[in-house]
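Protein chains get the first letters and strands the later ones, always in sequence-line order, with residue 1 at the start of each.
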Amino acid sequence: MEQRYHPELIEPKWQEYWKEKKLFKVQEDPSKEKYYLLEMFPYPSGKIHIGHVRNYTIGDVVVRYKRMRGFNVLHPMGWDAFGMPAENAAIDNNTHPAAWTYANIRAMRKQLKKMGFSYDWDREIATCRPEYYKWEQWLFLQMFQKGMVYRKESYVNWCEKCQTVLANEQVEQDCCWRCSQTVQQKKLWQWFFRITDYAEDLLVHCDKLPGWPDKVTVMQKNWIGQSIGSEIKFQVDGKNEDVVVFTTRPDTVFGATFMCLAPEHPMVETLSLGTEQEAAVAAFVQKISRQERSAEGLEKYEKEGVFTGAFCINPATGEKIPVYTANFVLMGYGTGAIMSVPAGDQRDFDFAKKYNLDIRMVVAPEDHSIDPENMTQAYTGQGVMVNSGKFNGLDNQTAMDEITRWLEDQGRGKKTISYRLRDWGISRQRYWGAPIPVIHCPDCGQVGVPESDLPIRLPEEANLLEKGGSPLPTLAYFAKATCPVCGREDARRDTDTMDTFVESSWYYLRYCSPRYTNGMFDPEAVKYWAPVDQYIGGVEHAVLHLLYSRYFMRVLNTLGLVDFKEPFTRLLTQGMVCKETMMCPEHGYLYPEEAIKNDAGSFVCSKCDSDVEVGRVIKMSKSKKNVVDPNELLEKYGADVTRLFSLFAAPPERDLEWNEDGIEGSNRFVNRVWRLSLDCIEKFKGIDPYQGPASDIKNESAKKLYIKAHQTIQKVTDDIEKSFHFNTAISAVMELVNEMYTYDLDSDDVQLKQVMVFCLDNMLLLLSPILPHFCEEVFARSGRQHGSILEQTWPEYREDSLQTDEVLVVVQVNGKLRAKFSMDASASVDTIKQTALADERIKKLLGEKTPKKVIVIQKKQTLVNIVI
RNA sequence: GCCGAAGUGGUGGAAUUGGUAGACACGCUAGACUUAGGAUCUAGUGUCGUGAGACGUGAAGGUUCAAGUCCUUUCUUCGGUACCA
């Protein structure tokens, strides 16, 4: 008998077998119940890392389990192949994004195949292929026709020196990551999807996704950020013009002593025009344009503002109040203007203190009074109206509605709902993406390209500019176009490409009919397979990717292309696999293998010997190079052990700091099972598994083992079905194996032999989704069944064989464990109590005292607590 | 900053509804077998204490017969924060 499992011989053999028998190829089959399981497709960064291994192993186990349960399972794989890293790599290594991407896909596909994942590879897609993005362009045109896409000016990070747009990731401390020049904000005309039209629908349905983790729907709700409030018009002093503000606190309007506009607000310039503040305002707006305007960036800057030189009339008080422009007001939220109530809002309060502006109490707490002269912070709580004319004395909740109605009657306000969610900007001034299918004509404006011209191909032979800029605008043969409407020949093609989130918003539908040429997908195939029954991916996608996908299905639903709105019925968000970063002062981020540990225990760079700075433990990502390639594990232990270990390390939703010290244990387990199985096969030839109830087994230890086996089936099934907690499923099987090891394989007891055969068979079935190659091999060697273990059915446990006749009773005195004994499971509460009190150790502890109370619990645990 | 998570032995983690804290592993210690061992097997292993016992789930309070689990406050770390995907 071979003493060891040899993955290098066995795994390729079964991979070949599965391929030959086309076991993972699926087709629509109305006679079977479908199950569509999808893992988030990878960006082809070059190599898969442990995070991918974990993600795809989880999915593969569920897929194999569902197949054994009789489902017709769709399990595809593909590549999120457009994106910025390809451009960066092209600049760094003097390659072409396409060449780099396709080479990476080849390498990663090979690695995935080595892992034995059960994909239907015939359905593979890559989003950078024209056959894919053609349909994305087609959809863009449909949306364009329906007014679901529009253009507006918005800001990008701009490096003047490199003459290029930078992603947020490429901005380091306000500077360009390549040249360290200070980054500017530059205004460009860009395309937007009107996702805000669906804000309410997306929000409402967050509560109708029972298969999603609450934390994800909570994050989405907060992201959409509905707030109910009012729009109030403030007339500009001396002009027939209004500034419209959005506020969630219309009750405080009497306390509005100044206003703030976003620096990008169109009225900032017009209001300051001709005042002595004109220059100061222009300077301020210029200054702010250098500041990062992201939510995260905003917090980095001190709150500041400047007087515009203009005043507005507070519609409630009739007073003139100054209008400021301030960096903490966002153009993208509400109306881009706020009324400032320093007594009731902390930011307004800080601002008022800084610029010496009036503070007036309008909502006062009921239990104490506040003097606006001496207050140190805003009062944001509930209270009673003061200084508010005829509304004085009302509670502020009532006043909210009444003041809104009052303003409405005067035509100065109305109740509105505002969302934090902004429209989705999809224009990218990049090369490696899907071209936006629009032609700009001097006469006709923006014109969609005719459908017959699709796809608008990305010119793959183009070379990237040295500093990272897109070459598309410089390519006359690409950028020059004839207007499809009027035929003008000096029209210009849009040279922006689409955000890569667009590709990932619908790829799961393309998998249903990946080679379909008459549309985005074959409606029949989508009808059968969609929506995705189980989606699995990193929790870092909780908001953007998942929200965009939900939005896209609503768009397709509106366009009549699909009959559902929610793309993913169930969602599992796995935790991230993390690792510390390694930073060399000379060479930047290092791969783990490039940082060498020296005798002193610190790290040095393998290229230049400099001391390496060990950074924080963060999610594995190609850009930070803190990635662990599974190849080494695959070489040494094979796919099955690697799969087992990645599942055994932690439950899927937990973040994991990568550490492979434990893999020896997984390897040891697999080899233990190997030896035990081959031993059993040899010794129990011709013996059939025991089938009956546990109560018919005479040998007590055989009975115990049999019950353990049924408990294991139950535990593993529940863990997979209910929570995807494979780590505990695996430890349950380990317990069974440990127990099987204690039995004498040479015993003459026939029932024991039958029980052992039962255990062996079922153990293999339970492990087969996790260790598919291994289990195929052992299953084949057992010789009692034919075909693949994949085609077997999942084991069932017997309800009548899950319990032993004895229960363990634990006895506590004042909640502290003092004794335990086992008893017949049918013992009465009274018998248990008496037995506990009669226990020697308990008697000693009680001494003369009489227990105040004796509590007997018979739930998961039989427990007696004696209170003295 | 804001939104969402997570903190349990030397390590990864376990503990349906509050009910034996530390399952299952890694590591370590000792032993067995062996020409050999980075193979395998057996036993031990939360901390303090010779012991009885005491203490122990990031920290501090609280509820309860009983708290890792519920409540309040707080600290640290991670993810997202709209152009990384």
Side-chain angles (χ1 to χ4, degrees), chain A residues 3-4 40-43 45 80 82-85 88 156-157 165-171 213-216 218-223 225 294-300 332 420-430 499-501 504 538-545 547-548 573 575-576 578 616-619 621-624 645 648-651 653-657 659-666 668-669 671-672 675 718 722-723 725 727-728 730-735 738 741 808-812 814-817 820 852-855 857-867:
Chain A
Q3 286 298 317
R4 297 202 68 78
M40 289 179 186
F41 64 166
Y43 178 80
S45 55
D80 189 10
F82 273 139
M84 200 180 54
N88 294 334
V156 292
N157 301 312
V165 173
L166 299 175
N168 290 340
E169 193 188 51
Q170 297 173 313
V171 179
D214 287 341
K215 63 176 175 188
V216 175
V218 166
M219 279 189 264
Q220 294 215 345
K221 282 190 218 170
N222 290 332
W223 184 262
S294 69
E296 189 190 4
L298 268 182
E299 302 300 330
K300 294 193 297 214
R420 206 187 71 98
L421 181 69
R422 306 200 300 261
D423 276 337
W424 174 11
I426 58 144
S427 296
R428 297 290 179 271
Q429 295 68 40
R430 296 250 169 72
D499 179 5
T500 56
F501 274 125
S504 56
V539 66
E540 68 270 28
H541 296 288
V543 178
L544 293 181
H545 162 58
L547 190 67
Y548 290 149
T573 47
M576 277 136 316
C578 300
R616 293 176 315 157
V617 176
I618 56 170
K619 101 172 152 162
S621 79
K622 177 90 175 170
S623 62
K624 303 278 189 292
F645 180 60
F648 187 58
E653 68 280 3
R654 182 112 133 197
D655 288 345
L656 198 59
E657 185 181 340
N659 172 354
E660 60 200 43
D661 288 350
I663 194 162
E664 278 299 340
S666 295
R668 213 172 284 165
F669 172 70
N671 280 291
R672 261 165 84 76
R675 289 191 304 272
D718 279 3
K722 292 180 184 161
S723 60
H725 280 191
N727 57 332
T728 49
I730 292 164
S731 52
V733 180
M734 285 176 169
E735 285 185 49
N738 288 346
Y741 254 93
L808 181 73
V809 181
V810 304
V811 188
Q812 301 176 332
N814 287 342
K816 283 182 183 157
L817 178 68
K820 23 183 162 174
K852 282 190 203 136
K853 213 199 274 187
V854 180
I855 294 156
I857 303 293
Q858 281 179 296
K859 282 196 271 186
K860 155 183 159 191
Q861 177 66 50
T862 307
L863 175 145
V864 182
N865 191 9
I866 300 163
V867 187

At less than 4.0 Å, is any side-chain N or O atom of Arg430(A) found next to OP1 or OP2 of A85(B)? Yes or no. no
Any Asn727(A) side-chain nitrogen or oxygen under 4.0 Å from OP1 or OP2 of A14(B): yes
Annotated structure of RNA chain B as dot-bracket, pair cut-off 3.5 Å, Watson-Crick or G-U only, | for inter-strand, is (((((((..(((......[....)))((((((.......))))))(((....)))..(((((..]....))))))))))))....
Please classify the nucleic acid contact of Gln170(A) as base, sugar-phosphate, or nothing, using heavy-atom distances under 4.0 Å. nothing
From U20(B), C83(B), A85(B), pick the nucleotide closest to the side chain of Lys820(A)? U20(B)
If the cut-off is 4.0 Å, is Ser731(A) near the phosphate of A14(B), judged by side-chain N/O to OP1 or OP2? no
Give a yes/no answer on whether the side chain of Lys816(A) brings an N or O atom under 4.0 Å of OP1 or OP2 in C55(B). yes
Hey, could you give me the CZ/CG distance between Phe645(A) and Asn727(A), rounded to the nearest 0.5 Å? 12.0 Å
Quick one, give me the B/S/- string for nucleotides 28-40 of chain B, reading 5' to 3', where B means a protein heavy atom under 4.0 Å from the base and S means that only happens at the primed atoms, P, OP1 or OP2. ----------BSS
I'd like the P distance from U8(B) over to A59(B), given in whole Å. 10 Å
Contact under 4.0 Å: Asn222(A) side-chain N or O vs G4(B) OP1/OP2: yes
Rounding to the closest angstrom, what is the interatomic distance between C24(B) and A14(B) at atom C1'? 7 Å
Reading RNA chain B from 5' onward, which residue's closest nucleotide shows up sooner: Val867(A) or Ala732(A)? Ala732(A)
Establish, with yes or no, whether the OP1 or OP2 oxygen of A6(B) is under 4.0 angstrom from a side-chain nitrogen or oxygen of Arg654(A). no
What contact category does Ala650(A) fall into here, base, sugar-phosphate, or nothing, at under 4.0 angstrom with non-hydrogen atoms? sugar-phosphate
Length of the line joining Phe648(A):CZ and G27(B):P, which is rounded to integer Å: 12 Å
Respond yes when some side-chain nitrogen or oxygen of Lys619(A) is under 4.0 Å from OP1 or OP2 of G80(B), and no when none is. yes
Taking 4.0 Å as the cut-off, does a side-chain nitrogen or oxygen of Arg422(A) come that near to OP1 or OP2 on A82(B)? no
Less than 4.5 Å apart, any side-chain heavy atom of Asn814(A) and any of Val867(A)? yes
Would you kindly compare Gln861(A) and Leu421(A) by the position of their nearest RNA chain B nucleotide and give the one closer to the 5′ end? Gln861(A)
Is the closest side-chain donor-acceptor distance between Arg420(A) and Asn222(A) under 3.5 Å? no
If the sugar-phosphate is the primed atoms plus P, OP1 and OP2 and the base is the rest, what is the B/S/- string for nucleotides 56-63 of chain B, using protein heavy atoms under 4.0 Å? --------
By nearest atom, which of the nucleotides C84(B), A14(B), G19(B) is closest to the Leu863(A) side chain? G19(B)
